[in-house]
Amino acid sequence: MSAKKDKVLYISVFLLLILYLLSFVKSSLTKDKREYIKSSMINTKYKESIYQIDLYNINGNISLKKINDGKNAWWEVSQKDLFFSPADSAKVEKMINELIKVRNMYKLSDKIYENSAFGLSDSNAFHLKYYFSDGFHDLTFGNQDFSLTGRYIMTDKNTRVYEINNDMDLYLSSNLQSWTEPFLISQQILGKITKSDIQSTKTYSKGRSSSISDIDKLLELRTGGIIPNNFVSENASPDYSLNIEIGNKSQIIINIFPTDKETDFAVETRYINPDKSSKSYWASISSWTYNKIKEITL
């Protein structure tokens, strides 16, 4: 009986050894043997001097511009010099970090052939054009590969086609809304704002003034979308206004106007620096958000 158990044990050990050795053979057979270079899409030396990034394809064209007022730096997103909004600066910086990251770039071809599957020369191609202190460069992103884990890319330096992983897919969008900072009160333009930073608030509505009772709720409110700059005439009177004074002598003025839709309102948010320089952005809010603002008014 013992000899039989020993025989089973020996056979099991032998089979496990075979499987172990086969794993090395399989690993060798499946190893990616394509020619590749280790490189970044953008040289890291350009990171700090990048001041504009254009994202465009057949679906749209947006620009991301770096704003630096000497105290704070943030990114602004715009479209056709008509729509402007503070951008999601954290997202922009993450994209730049992906672009300067050293990665495997697999060389597929020395040039684009007619009717190729790369999608680098047709209307579906996505372009990322970045400007820096010494000039600009253009990256072209094509189709995904058959496994949907990689994407074809070409630079403006030559006609070579490479394949990279799909880490950049999150940023290949020319949709304006996907790049905007979501908050009604920006947490970038005057720096991060908390309840303790706010010295006073005043609200004005139909000749009546009051103050905000819950600053935290106000800071959490979000916009619903972007509307054209200077949406209403310069002399129009807002239905509701908020005046917020910050401890560093900065000021935020929010003016809310009706639109032709009962469910939407237009909002102008003006940020005033201590030196009285200012910048305004327009957005839309829902009636739900507007009612929330009025609820926290004393």
Closest non-hydrogen atom pair, Asp88 against Gln188
C-OE1, 4.3 Å
Assigning hydrophobic clusters by single linkage (Ile, Leu, Val, Met, Phe, Trp, Tyr; side-chain heavy-atom cutoff under 4.5 Å), is Tyr162 placed with Ile42?
yes
The test is side-chain contact (heavy atoms from CB on, under 4.5 Å); show your working for Glu268 and Val232 and say whether it passes.
CA-CA 9 Å; Glu268 177 200 18; Val232 300; over 6 Å; no
Is any side-chain heavy atom of Thr140 less than 4.5 Å from a side-chain heavy atom of Asp156?
no
Distance-minimising heavy-atom pair for Ser123 and Ile58
O-CB, 3.4 Å
Side chain to side chain donor-acceptor pair (under 3.5 Å) for Lys38 and Asn104? Distances and angles first, verdict last.
CA-CA 5 Å; Lys38 281 194 170 292; Asn104 290 346; 2.9 Å; yes
To the nearest 0.5 Å, what is the distance between NZ on Lys294 and OG1 on Thr203?
11.5 Å
Start with the C-alpha distance between Val267 and Ile254, add both sets of side-chain angles, then the distance that settles side-chain contact (heavy atoms from CB on, under 4.5 Å), and finish with yes or no.
CA-CA 7 Å; Val267 179; Ile254 300 174; 3.6 Å; yes
Below 4.0 angstrom, N of the basic side chain to O of the carboxylate: do Lys91 and Glu93 qualify?
no
Could you go through the side-chain contact (heavy atoms from CB on, under 4.5 Å) check for Ile96 and Lys47 one step at a time?
CA-CA 7 Å; Ile96 292 174; Lys47 180 181 180 181; 3.9 Å; yes
Ring geometry between Tyr152 and Phe118 (parallel below 30°, tilted from 30 to 60°, perpendicular above 60°):
perpendicular
Smallest heavy-atom separation, Ala125 atom then Asn57 atom, equals O-CB, 3.4 Å
Please check if the distance between the ring centroids of Phe265 and Tyr290 is under 6.0 Å.
yes
Compare all side-chain heavy atoms of Asn165 with those of Thr149 and state whether any distance is below 4.5 angstrom.
no
Cation over ring face, Lys129 and Phe136, 6.0 Å, 45°:
yes
Looking at Lys101, I want to see if its NZ is surrounded by more than 12 non-hydrogen atoms of other residues, nucleotides or ligands under 6.0 Å.
yes
Euclidean distance, Met168 CE relative to Arg151 CZ, rounded to 0.5 Å
10.0 Å
Could you tell me the separation between the CD1 atom of Ile256 and the OG atom of Ser241, rounded to the nearest 0.5 Å?
8.0 Å
Between Trp282 and Phe257, ring centroids under 6.0 Å:
yes
So how far is it from Thr259 OG1 to Phe231 CZ, rounded to the nearest 0.5 Å?
6.0 Å
Short question: side chain of Ser186, backbone of Ile189 - any donor-acceptor pair under 3.5 Å?
yes
If we ignore angles and hydrogens, is there a donor and acceptor under 3.5 Å between the side chains of Asp54 and Tyr131?
yes
Only one of Asn229, Ile226, Thr269 clears side-chain contact (heavy atoms from CB on, under 4.5 Å) with Ser85; which?
Ile226
Same hydrophobic cluster for Leu139 and Phe132, using side-chain heavy-atom links shorter than 4.5 Å among ILVMFWY?
yes
Would you say the ring centroid of His127 lies under 6.0 angstrom from that of Phe141?
no
Salt bridge check: are Glu220 and Lys217 linked by an N-O gap of less than 4.0 Å?
no
Determine whether a donor-acceptor pair (N or O, by modelled atom type, separation under 3.5 Å) exists between the side chain of Glu76 and the backbone of Ala87.
no
Give, for atom CD1 of Ile272 and atom CG of Leu190, the distance between the pair rounded to the nearest 0.5 Å.
9.5 Å
Pair Leu242, Leu218 - check side-chain contact (heavy atoms from CB on, under 4.5 Å), show working.
CA-CA 11 Å; Leu242 296 86; Leu218 178 65; 4.1 Å; yes
Taking the side chain as C-beta and beyond, is there a heavy-atom pair between Ile193 and Ile198 under 4.5 Å?
yes
Are Ser278 and Tyr271 side-chain neighbours, meaning at least one heavy-atom pair lies under 4.5 Å?
no
Minimum heavy-atom separation for Ser173 and Ile62, please, with both atom names.
O-CD1, 4.1 Å
ILVMFWY cluster, Ile227 and Ile185 together (side-chain gap under 4.5 Å)
no
Note, Phe183 side chain near Thr223 side chain (heavy atom, < 4.5 Å):
no
Looking at Asn158, I'd like to know if its CG atom is crowded, meaning that more than 12 non-hydrogen atoms belonging to other residues, nucleotides or ligands lie closer than 6.0 Å.
yes
Without swapping roles, check the side chain of Asp145 against the backbone of Gly150 for a donor-acceptor pair under 3.5 Å.
yes
With respect to Val77, which candidate in Val92, Leu55, Thr180 satisfies the side-chain contact (heavy atoms from CB on, under 4.5 Å) definition?
Thr180
Determine yes or no for a side-chain-to-main-chain donor-acceptor pair under 3.5 angstrom, with Ser286 supplying the side chain and Thr289 the backbone.
yes
Which heavy atom of Leu176 sits nearest to which heavy atom of Gln79, and what is that distance?
CD1-CB, 4.0 Å
Where is the tightest heavy-atom contact between Asn273 and Ser250, given as atom of each residue plus distance?
CA-OG, 4.3 Å
Can you find a side-chain donor-acceptor pair between Thr263 and Ser287 that sits under 3.5 Å?
no
Please confirm whether the backbone N or O of Ile212 pairs with a side-chain atom of Thr201, one donor and one acceptor, at under 3.5 Å?
yes
Using only atom types and a distance under 3.5 Å, with no angle test, would you say the side chain of Glu163 pairs donor to acceptor with the backbone of Lys107?
no
Which value, rounded to the nearest 0.5 Å, describes the distance between Ser121 atom OG and Met154 atom CE?
7.5 Å
Is the backbone of Asp169 close enough, under 3.5 Å, to the side chain of Asn166 for a donor and an acceptor to pair up by distance?
no
I'd like to know if the side chain of Thr297 reaches the main chain of Ile293, judged simply by a donor and an acceptor atom lying under 3.5 Å from each other, with no hydrogens or angles considered.
yes
Answer with yes or no whether the hydrophobic clustering places Tyr240 together with Ile296; edges join I, L, V, M, F, W, Y residues whose side-chain heavy atoms lie under 4.5 Å apart.
yes
Taking the side chain as every heavy atom from C-beta outward, state whether Leu99 and Leu128 have any pair of such atoms under 4.5 Å apart.
yes
Flag side-chain contact, heavy atom, 4.5 Å: Ile285 against Leu184
yes
Looking only at atom types and distance, does a side-chain atom of Asn291 sit under 3.5 Å from a main-chain N or O of Trp288, one as donor and one as acceptor?
no
Is there a path of hydrophobic side-chain contacts, each under 4.5 Å between heavy atoms, that joins Phe126 and Met41?
yes
Using only atom types and a distance under 3.5 Å, with no angle test, would you say the side chain of Arg103 pairs donor to acceptor with the backbone of Glu98?
yes
Is the closest side-chain heavy-atom distance between Met105 and Tyr36 below 4.5 Å?
no
Just wondering, are more than 12 heavy atoms of other shown residues or ligands nearer than 6.0 Å to NZ in Lys276?
no
